[in-house]
Amino acid sequence: MTALPPPSPATLLAWYDRHARRLPWRIGPADRRRGVTPDPYRVWLSEIMLQQTTVAAVKPYFEGFLARWPDVAALAAAPSEEVMKAWAGLGYYSRARNLKAAAETVAREHGGRFPATEAGLTSLPGIGSYTAAAIAAIAFDQPAAVVDGNVERVLSRVFAVETPLPAAKTEIRRLQAGLTQKERPGDYAQAMMDLGATICTPRRPACSLCPWSENCAAHAAGIEESFPVKPNKAARPERTGTAFVARRRDGAVLLRRRAEKGLLGGMTEVPGSDWLPSAGPASTAATAPIAASWQAKGVVVHVFTHFRLTLSILAAEPADNPAAPEGHWWSSAEELPGEALPSVMKKAIETAFPGATKRRR
DNA sequence: GATGCGTGGCT
DNA sequence: TAGCCAAGCAT
């Protein structure tokens, strides 16, 4: 077997100059050449939102955050509750808490300017090794070795890395550090991620369009899809629970807030039971939050990362105007669509009362 | 190193 | 359809 020529960063950059995706938070290669520099706030905000989240899902949230909080000082001054409401539906809600905390730190301890080094960035909550390198490269044009899922996929194929993830990460980081140049490091990082997102995809990669196809060991062997090597995943366990959706005659729905940490931490929910492993026909001895005529409205099935939830929905429309129990509140029909409700809770409310969480016009 | 942590789209 | 997947981080 003949050794392949090594992949060239210059070749990738030339490809990027022609095929870079246009994204709301990105300074394209042409503008960069003209000296336009990225706003670190926008780079940071986009990178946090993009953690384990698709570009399509992020776009509307990014636009919404930017319109409402145009700089880090504005975000630092925002009430946490408003940030959580704005983040609702995007998932991984600890990101929103860390986002707010990091904004306050930058505003208070760094004079409103983001640290320009990987070490400084890593010290901020919610910024790990990937995000620190990405911001350093993209916002500050530093030759940081950016390694995300795209880079892992591209380089594991180009170099046919047989070590399974996540153990392979050390080797991949070394490979990426060797490729990262002092010229255009920000564009290089984004080029690698664009290549992974549009050409070197997990399934059916478009190798005929790839600038590195002649340099790729996996392609040479015709086994692109066998990289990166990953361990088998465990089966998703089942959990069950009960949710109570009470709606007053004026349309207000009874809500409460979840604990600050853990699953859906700090978000809003309808009252209900704990969500327990469903080993058998165990009793979901759920206690209703208020006395009313509760009626079964069916179930909501929702898939979290590490378990599948089947939530039985009970609904009631009390005739009188019962007081909200301790720790609960009645959210008016007008306020409800803007509450910090995670998707599973919107599903629960919609199952009980269709249209209740939709904004009217 | 393993685990907990969301959601929606795609095949 | 049921699984797989997406620019990871904190503990």
Side-chain angles (χ1 to χ4, degrees), chain A residues 21 23-26 43-62 84 87-99 101-102 121-139 144-154 163-170 173 176 186 189-198 200-205 225 228 230-239 258-267 269 275 300-309 340-347:
Chain A
R21 288 180 293 174
L23 300 171
W25 45 84
R26 172 179 287 179
V43 174
W44 165 71
L45 180 61
S46 68
E47 289 300 338
I48 301 299
M49 287 184 167
L50 286 162
Q51 287 167 4
Q52 297 289 284
T53 308
T54 59
V55 166
V58 164
K59 277 181 179 174
Y61 284 86
F62 178 81
M84 300 308 283
W87 196 276
L90 197 55
Y92 284 138
Y93 297 101
S94 65
R95 291 185 297 173
R97 294 231 165 272
N98 287 333
L99 187 83
L121 288 162
T122 305
S123 71
L124 295 172
I127 297 183
S129 61
Y130 159 73
T131 305
I135 297 173
I138 296 169
V146 175
V147 179
D148 73 331
N150 289 303
V151 175
E152 288 173 356
R153 187 167 57 254
V154 171
T163 310
L165 288 172
K169 194 144 186 170
T170 303
R173 187 174 287 113
Q176 175 71 319
Q190 293 175 95
M192 283 290 286
M193 293 191 276
D194 276 20
L195 188 69
T198 66
C200 196
T201 49
R203 279 173 289 190
R204 299 174 55 84
E225 290 193 41
K230 291 184 179 180
N232 294 326
K233 289 178 183 175
R236 225 188 291 271
E238 307 269 351
R239 293 190 200 179
R258 293 178 63 87
E260 290 299 313
K261 292 187 176 182
L263 186 67
L264 308 177
M267 299 296 284
E269 67 174 1
W275 302 339
V300 164
V301 175
H302 189 81
V303 180
F304 291 96
T305 306
H306 52 299
F307 65 93
R308 173 193 301 270
L309 175 67
L341 291 164
S343 291
V344 62
M345 289 299 153
K346 286 196 174 180
K347 283 193 207 174

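Hydrogens, waters and symmetry mates play no part in the numbers below; they use all other heavy atoms, side chains included. Throughout, a chain's letter reflects where its sequence line sits, starting with A, and its residues are numbered from 1.
A:Thr131 contributes no side-chain N or O that forms a donor-acceptor pair with the base of C:dG8 under 3.5 Å.
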(message) Run A:Arg95 and A:Gln51 through side chain to side chain donor-acceptor pair (under 3.5 Å) and show every step you take.
(response) CA-CA 9 Å; A:Arg95 291 185 297 173; A:Gln51 287 167 4; 5.0 Å; no

(request) Could you give me the CA-CA distance, side-chain angles and deciding distance for A:Ile127 and A:Ile48, then say whether side chain to side chain contact (heavy atoms under 4.5 Å, CB included) is met? (result) CA-CA 8 Å; A:Ile127 297 183; A:Ile48 301 299; 4.3 Å; yes

(request) List the steps, then state whether side chain to side chain contact (heavy atoms under 4.5 Å, CB included) holds for A:Leu165 with A:Glu152. (result) CA-CA 9 Å; A:Leu165 288 172; A:Glu152 288 173 356; 3.5 Å; yes

(request) Could you give me the CA-CA distance, side-chain angles and deciding distance for A:Val146 and A:Met192, then say whether side chain to side chain contact (heavy atoms under 4.5 Å, CB included) is met? (result) CA-CA 9 Å; A:Val146 175; A:Met192 283 290 286; over 6 Å; no

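Among the nucleotides B:dT7, C:dA6, B:dG6, the one closest to any side-chain atom of A:Val344 is B:dT7. Closest approach to the A:Tyr130 side chain among C:dC9, C:dC5, B:dC5 is made by C:dC9 (side chain taken as heavy atoms from C-beta onward).
For the pair A:His306 and B:dC5, the criterion of a side-chain N or O lying under 4.0 Å from OP1 or OP2 is met. One finds a side-chain N or O of A:Tyr93 lying less than 4.0 angstrom from the OP1 or OP2 phosphate oxygen of B:dT7. The side chain of A:Gln51 contributes no N or O atom lying less than 4.0 Å from OP1 or OP2 of C:dG8. Here A:Arg153 reaches the OP1 or OP2 of C:dA6: one of its side-chain N or O atoms lies under 4.0 Å away.
Note: A:Lys169 NZ to A:Thr163 OG1 = 14.5 Å, rounded to the nearest 0.5 Å. For the atom pair OG1 (A:Thr305) and CD (A:Gln52), the distance works out to 8.5 Å, reported to the nearest 0.5 Å. Going from atom NE2 of A:His306 over to atom CG of A:Leu263 covers 5.5 Å, rounded to the nearest 0.5 Å.
In this structure, A:Phe307 places its CZ atom 13 Å from C1' of B:dT7, rounding to the nearest Å. For A:Leu263 and B:dT3, the CG to P distance is 17 Å, given to the nearest whole Å. Remark: C1' of C:dT11 and CG of A:Asn98 are 12 Å apart, rounded to the nearest angstrom. Per the geometry, CZ belonging to A:Arg95 stands 9 Å off P belonging to B:dG6, to the nearest Å. Rounded to an integer number of Å, the gap from CZ of A:Phe304 to P of C:dG3 is 17 Å. In this structure, A:Asn232 places its CG atom 16 Å from C1' of B:dA2, rounding to the nearest Å. Whole-Å rounding puts the A:Lys346 NZ to B:dG6 P distance at 16 Å. Residue A:Leu50 contributes atom CG, which lies 14 Å from atom C1' of B:dT7 at whole-angstrom precision.
Mapping A:Pro342 and A:Ala167 onto DNA chain B by nearest heavy atom places A:Ala167 closer to the 5' end of the strand. Mapping A:Lys230 and A:Leu124 onto DNA chain C by nearest heavy atom places A:Lys230 closer to the 5' end of the strand. Nearest-nucleotide positions on DNA chain C for A:Arg308 and A:Asp194 put A:Arg308 closer to the 5' end.
Closest approach of A:Arg236 and A:Arg308 over heavy atoms only: CD-N, 4.0 Å.
Proximity of A:Val151 to A:Tyr130: side-chain heavy atoms (C-beta onward) are nowhere separated by under 4.5 Å. Proximity of A:Trp25 to A:Leu50: side-chain heavy atoms (C-beta onward) are separated by under 4.5 Å at one or more points.
Using a 4.0 Å heavy-atom criterion, one finds that A:Leu90 contacts the bases of the nucleic acid, with or without backbone contacts as well. Nucleic acid contact class of A:Pro125 (heavy atoms, under 4.0 Å, all strands): sugar-phosphate only. Contact annotation for A:Leu165: no contact, since no heavy-atom pair falls under 4.0 Å across all strands. Within 4.0 Å (heavy atoms only), A:Ser46 reaches no atom of the nucleic acid at all. At a threshold of 4.0 angstrom between heavy atoms, the contacts of A:Trp25 include nucleobase atoms, whether or not backbone atoms are also involved.
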(message) Only Watson-Crick and G-U wobble pairs with both distances less than 3.5 Å should count. Give DNA chain C in dot-bracket notation, marking inter-strand partners with |.
(response) .|||||.||||

Could you list, one pair per line, each protein nitrogen or oxygen that sits under 3.5 Å from a nitrogen or oxygen of nucleotides 8-10 of chain B, together with the distance?
unit_1 : atom_1 : unit_2   : atom_2 : d
B:dG8  : OP1    : A:Ser343 : OG     : 3.0

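For the P atoms, the distance from C:dT11 to B:dG6 is 14 Å, rounded to whole Å.
Proximity of the aromatic rings of A:Phe304 and A:His302 is defined here by a centroid distance below 6.0 angstrom, and this criterion is met.
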